[in-house]
Amino acid sequence: MNTSKQLEVQIKDMVLKNPVMTASGTFGYGYDFEDFINLDSLGGIVVKATTIKERMGNPYPRMAETPSGMLNTVGLQNKGVDYFCEKIYPKIKDKNTNVVVNVSGSTLEEYVEVASKINTLENIPAIELNVSCPNVKEGGMAFGTNKDMTFKVVSAVRKAYNKTLIVKLSPNVTNIVEIAKAAEDAGADSLSLINTLLGMAVDSEKRQPLLSTITGGLSGAAVKPVALRCVWQVAKQTKLPIIGIGGIMNAQDAIEFILVGATAIEVGTANFINPSITEEIVKGMEDYLQRHNIKHISEIRGVI
Amino acid sequence: MKYCKDFIVVKNETITPTLYILRLQYPETLPEIKPGQFVEILVEGEKDVFLRRPISIHDVDKENNQIALLVQVVGKGTSQLSKLKEGDKLNLIFPLGNGFTVMGKRVLLVGGGCGAAPLLYLLRVLKQQNIKSDILIGCKDINHLFSKKEYQELSNLHVTTEDGSFGEKGFVTAHPILNEDFDAIYCCGPTPMMKAISQYAKQRNITCYVSLEHKMACGIGVCLCCVAETNQGNKRTCVTGPIFLTSDLKDF
Ligand SMILES: Cc1cc2nc3c(=O)[nH]c(=O)nc-3n(C[C@H](O)[C@H](O)[C@H](O)COP(=O)(O)OP(=O)(O)OC[C@H]3O[C@@H](n4cnc5c(N)ncnc54)[C@H](O)[C@@H]3O)c2cc1C
Ligand SMILES: Cc1cc2nc3c(=O)[nH]c(=O)nc-3n(C[C@H](O)[C@H](O)[C@H](O)COP(=O)(O)O)c2cc1C
Ligand code: FES
């Protein structure tokens with residue numbers, strides 16, 4: 001394990017032993033992966049989106065494989081914030097890693113309410129505000145694709161939440177920097193990007209869409225070039241620490257995100273293909289630093 | 001406990017041009033595997049396959065630490081796997097899903113096409129527990145009937161073929177064995193067949209289990225893509241299933 005702190009990074013008050021986190025919706029609540037990896041070896045875990053009330057999510061089929069990627073339309077299925085606090089939090093609160101809650105809602109009030117409840121949980125050092133889910137009718141991405149709405153929701157949550165506030169951005173916008181700046185102005189501590197890209201898949205034989213909701217969110221290796229571009233643009237034009245997400249399949253991909261300005265990274269879809277990939281990425285990043293004779297990961301941050 | 005490990009291909013046996021059985025060697029002692037559980041296969045060497053592929057465990061040879069998978073070629077992943085040769089490595093996440101609940105004194109197994117895959121290992125377990133069984137297999141023709149010898153050793157085999165080349169001509173739903181009394185029915189196959197058998201079981205008040213082959217992204221319970229609508233809400237097919245009591249399923 002890495003003891004030399006060469007991979008240690010900080011997102012506001014949250015100290016990560018290494019930059020490798022897991023992306024919301026792809027890692028459950030962490031414990032499903034304990035057969036494969038030691039959760040304590042990760043910089044952080046972002047759990048599934050949590051909403052004020054239980055949500056059933058969208059109808060099946062919710063998934064379609066696409067070239068080097070997949071589309072999903074899960075639609076924020078979760079048991080609600082109270083269930084999270086009572087039943088799930090006790091199971092994960094003593095992990096020696098940062099457990100971050102992904103907060104979602106349909107209205108501004110819902111975001112605030114969920115954030116205030118999570119604020120009371122001692123061992124949750126940060127929330128990731130999901131203003132970028134493409135798979136729900138109301139709220140979700142509607143907040144994150146408009147700079148005024150982003151400003152409003154982030155400001156409101158900022159008042160209710162006093163630990164590290166990460167805002168997760170959508171790539172489904174014309175100008176991502178404008179949204180990033182709105183979140184920064186409203187008091188966000190960090191930005192994570194990208195959420196999934198709105199996409200679609202069709203079965204030509206059956207002449208039908210492959211997803212129940214017709215459109216869904218694209219993730220996996222296919223989105224990496226878009227994600228890198230977004231991180232690079234936002235890193236250049238805001239002062240906040242950035243968490244890079246999108247198509248990270250190995251350590252090399254992770255390093256690419258650091259080079260374009262990310263402080264930490266989240267691994268999503270890759271967990272489905274190799275359940276121990278996160279640990280392998282940590283190891284691969286250590287090897288990279290050694291190979292290039294770099295003392296600390298921050299030396300290469302944003303050099304592009 | 002789930003494992004993510006390499007197996008070695010011992011044999012790739014062609015049954016028909018689009019159906020094959022992969023026999024795989026585990027380098028260690030196999031963990032306990034329940035009939036009806038499945039594996040998630042990493043398909044290598046085919047750039048168009050991104051996600052793993054879920055395949056049921058067809059048979060388990062505990063003594064030799066081997067498992068068998070019965071695979072039907074339907075697309076690029078299953079086609080790539082059909083090219084595997086003796087000595088090739090195959091990375092699997094296993095064992096996944098809940099598996100069948102073994103119950104009763106006399107039970108009926110109904111399988112259609114390649115969907116019948118999980119039934120062979122179920123028969124072994126039933127036999128060990130001295131539960132009497134009949135197995136009814138529906139297939140296209142005699143060439144598509146696999147594991148016939150094993151079925152006959154472990155159970156009473158009944159067959160329907162679409163062309164009458166073996167057993168009764170027609171579909172499983174018309175077979176006379178269905179008129180006998182059973183404590184439970186285990187059915188795996190095409191959805192219309194499972195629905196028909198489920199309706200029949202409902203009418204006769206017989207406990208009926210089916211195996212759902214929903215599209216999966218992770219297979220380990222974290223993506224929530226594979227849900228089935230049950231009386232208790234949306235449940236993950238890869239964790240709560242793939243075996244469901246039909247009385248719990250909304251669509252059945
Ligand atoms: C729990 C479970 C157990 C399974 N057990 C077996 C088994 O023992 N043997 C076996 O041969 N297959 C089994 N399947 C189905 C198998 O997973 C799919 O056939 C396979 O993933 C298709 O991959 P492909 O790359 O060849 O096809 P693709 O190129 O991905 O798709 C080709 C065509 O197959 C269809 N298809 C893809 N996935 C599925 C699916 N899950 N169900 C039905 N149709 C599908 C697609 O809609 C498409 O039309 C099982 C599925 C599940 C969920
Ligand atoms: C099945 C699935 C479910 C997801 N659920 C959520 C979610 O609940 N909240 C969220 O902010 N992002 C969610 N995402 C988006 C991921 O966290 C991540 O931003 C995206 O998948 C891109 O990263 P990747 O290419 O590494 O997967 C989900 C992604 C997938 C594939
Ligand atoms: S396939 Fe991911 S939860 Fe079942």
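Basis for what follows: all heavy atoms, side chains included, without hydrogens, waters or symmetry-related copies. Per chain, numbering begins at 1; letters A, B, ... match sequence-line order.
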Below 4.5 Å, heavy atoms only, C-beta onward: do Leu90(B) and Leu81(B) meet side chain to side chain? yes

Bottom line for Ala221(A): the part with an atom under 4.5 Å from chain B's heavy atoms is both

Which answer fits Phe27(A), side chain, backbone, both or neither, if we ask what part of it has an atom under 4.5 Å from a heavy atom of chain B? backbone

Applying a strict 4.5 Å limit to non-hydrogen atoms, the region of Leu51(B) in contact with chain A is both

Taking the inter-plane angle between the rings of Tyr26(B) and Phe94(B) on a 0 to 90° scale, is it parallel (under 30°), tilted (30 to 60°) or perpendicular (over 60°)? perpendicular

Under 4.5 Å, counting heavy-atom pairs only, tell me which of Pro275(A), Gly220(A), Ala222(A) racks up the most with chain B. Pro275(A)

Which one of Ile245(A), Leu42(A), Val100(A) satisfies the side-chain contact (heavy atoms from CB on, under 4.5 Å) criterion with Met21(A)? Val100(A)

Measure the CD1-CG distance between Ile21(B) and Leu24(B) for me, rounded to the nearest 0.5 Å. 11.5 Å

Distance-only criterion, 3.5 Å: which donor-acceptor pairs connect chain B and chain A?
residue: Lys2(B); atom: N; partner: Asp35(A); partner atom: OD2; Å: 2.7
residue: Phe50(B); atom: N; partner: Glu65(A); partner atom: OE2; Å: 2.9
residue: Leu51(B); atom: N; partner: Glu65(A); partner atom: OE2; Å: 2.7
residue: Arg52(B); atom: NE; partner: Ile273(A); partner atom: O; Å: 2.7
residue: Arg52(B); atom: NH2; partner: Ile273(A); partner atom: O; Å: 2.9
residue: Arg53(B); atom: NH1; partner: Glu65(A); partner atom: OE2; Å: 3.1
residue: Arg53(B); atom: NH2; partner: Glu65(A); partner atom: OE1; Å: 2.8
residue: Lys215(B); atom: N; partner: Tyr60(A); partner atom: OH; Å: 2.7
residue: Leu224(B); atom: O; partner: Arg62(A); partner atom: NH1; Å: 2.7
residue: Asn234(B); atom: ND2; partner: Met56(A); partner atom: O; Å: 2.8

Applying side chain to side chain donor-acceptor pair (under 3.5 Å) to Asp141(B) and not counting sequence neighbours gives His144(B)

Residue set satisfying side chain to side chain donor-acceptor pair (under 3.5 Å) with Thr16(B), at least two apart, ordered chain then number -> none

For the aromatic rings, using the six-membered ring if either is Trp, is the centroid distance between Tyr209(B) and Phe100(B) under 6.0 Å? no

All pairs passing ring pair (Phe, Tyr, Trp, His ring centres under 6.0 Å) where residues 31-61 of chain B contributes a residue, at least two apart: His58(B)-Phe146(B)

